[in-house]
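These numbers come from the heavy atoms of this one structure, side chains and all, not from hydrogens, waters or symmetry mates. Sequence lines set the chain letters: A, B, ... in the order given, protein chains first and strands last, and positions in each chain run from 1. Predicted model only: the values in this text are computed from it and were never measured.
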Amino acid sequence: MNADMSTQASLAAAPEVATGAPAPAAAGPVLMDCRVEHIFYGSFLAVRNAEVPIIANEITAFIGPSGCGKSTVLRSLNRMNDFVPGFRMEGHVHYRGQDIYAPGVDPVAVRRSIGMVFQQPNPFATSIYNNVAFGLKLNRFKGDYAERIEKALRGAALWDEVKDKLNSSGLALSGGQQQRLCIARAIAVEPDLLLMDEPCSALDPIATRRVEELMLELKQTYTIAIVTHNLQQAQRVADRTAFFFVDTSAGGRTGYLIEYRPTQELFGDPKEEQTRAYIRGDFS
Amino acid sequence: MAPPTTAGRAGNNLHLSLGNSRTLLDRVLTLLAIGLSLFALFPLLSVLYMLLVRGGELLSPSLFTELTPGAGMEGGGIGNAVLGTLIVVLIASVLSLPLGLLAAIYLAEYAGESKLGTLVRFAGKVLTGMPSILAGVFAYALVVVTMGSFSALAGGVAMSVLMVPTVMLTAEQALRAVPEKMRMAALGMGATRMETTLRVVVPTALPGILTGVMLALARAAGETAPLLFTALFSDYWFEGRLGSPIASLAVLIYNFSGSPFPHLVKLAWAASLILVFLVLVLNVGAQLIIRRPQEF
């Protein structure tokens, strides 16, 4: 499905990671060079100055208070913001060397390589099997459906729970199972990058733990960017964390990036005062 | 049992008594509500009763296999009218379902609050309230006059004019009821808008869409006025020619019920029973689809 893209451009060299923090020794190549200068909704400036290069085979977490633009930035990585009226972005998002906002780029093709898991589990009102087969059918997959579906469900740690009821409705599953089904659906098409927008906020701690374990397994194969409100979650799973904050000085509410560093450094020794305050506030 | 400490204040009678004006009023109004509800059922029940008694008289297999008899003759059946109604409804469905469903998809998924969408929606609402005889006039002018003869096709066109707005508006509602998160899920997987609509939104909304279709069919099948001067009537079997007049239950009832021949009046009763049964089946079918647990 994305063979043409992967052969077309080898991974760009990793640029300097934001705010001058030392890059960790094991940093891989940048999969997605995201350099947002401004994101507008109509005349409203929603986000400014967010430079978040996403490294291949890592988990990148976006944290920060509500309204700080972290979801907006995440959604601009596979052009899901195109559906918001008045959306306009300045800056660039380079995916494997290609600007996904360049004229002539088909946002549908972008989304086929860059999957998304949403805050609310959103399985389709059809069988578990058909939910996972959905993306394969879209891509006119010609191979063995049963095999790919089993692989995806195993990948999402759901196989053992549903293998005997693949024909029952995806909506009949529990919330945690539904979310893992959505993850299975997303990884069935073997996307390059998986965007997760608060994937655990509707789940209980046990289901959350399962999804987190799953993310750590998935990063062997995929690259993940996750928005989370849960700081402990960012610490548990993310290799790198981007902290966003809200600027209300100009009268509006504009989100911007404070710092983006390896997770351990960001939490252990935050460079910026806002980061320190935010982390401390949540732990006290 | 010890008297409860929270009993009424001394002197208050806690026993139920119809002597109390408020209790009495409550009882009277409750009975009135029940009585009027039953009264509202009365027309339906009495019609059904009469249909069963008078129409059931002729009920037999030959009713469905034989042609309508001529004036003054005995025997015969209403087979051509049953078949004719089904064929006219089929023609109307072939014409109106694609039109209505595609319009609904446009309205629900693409038009939003645009001027064209608002206009089409408004026109649809006006059309649902249009007297059905006007649909007949329209089909008469469009098909009968141009083709030079009454025809099954003209009847189908008249009926489809009645069906399109109902199908379109109910299907639009059903499509709009599909949660936005399902659209996002499909779009997030890299589906195009049309793939999202056809593979996710329409299947999810299918029970609601089918309900609208069946209600539109039920309404159209029972209409007489639009068929009177379009499909007209025929005492013969349908021979595959859409350009010829065709029999229908509704017009048969209209023609025969006023006839001076008692046998034809009896056939009209039988036809009424069959028609009501047909409409009832469609309505009950629609209800079953609505009530089906939304598992898929």
Side-chain angles (χ1 to χ4, degrees), chain A residues 1-2 74-75 77-85 106-128 130-140 167-173 178-179 181-182 185-189 191-192 194-197 202, chain B residues 101 104-118 170-213 286 288-296:
Chain A
M1 161 198 70
N2 51 28
L74 188 82
R75 281 157 183 267
L77 299 184
N78 72 341
R79 298 194 55 172
M80 284 302 279
N81 279 333
D82 287 19
F83 300 109
V84 181
D106 181 4
V108 170
V110 171
R111 292 182 208 116
R112 287 186 176 177
S113 303
I114 304 174
M116 185 137 201
V117 174
F118 296 79
Q119 183 171 0
Q120 292 288 331
N122 54 2
F124 300 126
T126 179
S127 66
I128 292 168
N130 282 331
N131 262 286
V132 184
F134 181 81
L136 299 174
K137 286 179 186 164
L138 280 186
N139 292 310
R140 301 188 172 56
N167 286 320
S168 63
S169 169
L171 295 177
L173 298 173
Q178 285 190 13
Q179 192 63 302
L181 177 61
C182 292
R185 184 176 65 192
I187 62 177
V189 294
D192 224 8
L194 199 55
L195 306 177
M196 305 178 106
D197 190 357
Chain B
L101 293 180
I105 286 175
Y106 171 72
L107 287 181
E109 304 296 316
Y110 292 86
E113 299 306 314
S114 70
K115 282 204 173 104
L116 179 59
T118 313
T170 50
E172 189 206 350
Q173 287 307 313
L175 292 170
R176 278 181 186 268
V178 173
E180 197 56 29
K181 63 178 188 177
M182 291 202 183
R183 290 186 186 83
M184 285 298 131
L187 292 166
M189 295 288 297
T192 62
R193 298 255 324 255
M194 210 21 111
E195 283 169 339
T196 304
T197 303
L198 295 182
R199 286 172 182 272
V200 175
V201 181
V202 170
T204 309
L206 206 54
I209 294 173
L210 285 180
T211 304
V213 168
L288 287 180
I289 294 174
I290 297 172
R291 295 229 184 105
R292 195 176 65 157
Q294 292 266 350
E295 221 194 340
F296 285 106

Residue A:Pro123 versus chain B: region with a heavy atom under 4.5 Å = backbone
Between A:Leu195 and chain B, which part of the residue has a heavy atom less than 4.5 Å away: side chain, backbone, both or neither?
-> neither
Between A:Lys137, A:Met80, A:Met116, which has the largest tally of heavy atom pairs under 4.5 Å with chain B?
-> A:Met80
What heavy-atom pair brings [X] and [Y] nearest, and what distance separates the two atoms?
X        : Y        : result
B:Gly190 : A:Arg112 : O-NE, 2.6 Å
B:Ala191 : A:Leu138 : CB-CD1, 3.4 Å
A:Arg185 : B:Met189 : O-CE, 3.1 Å
A:Phe134 : B:Ala186 : CZ-CB, 3.8 Å

Sole candidate of B:Thr192, B:Thr196, B:Leu187 that passes side chain to side chain contact (heavy atoms under 4.5 Å, CB included) when paired with A:Val108 = B:Thr192
Is any side-chain heavy atom of A:Phe118 less than 4.5 Å from a side-chain heavy atom of B:Met184?
-> yes
Salt bridge B:Glu195-A:Arg111, side-chain N to carboxylate O under 4.0 Å | no
Rounded to the nearest 0.5 Å, how far apart are CG of A:Asn130 and CZ of B:Arg199?
-> 10.5 Å
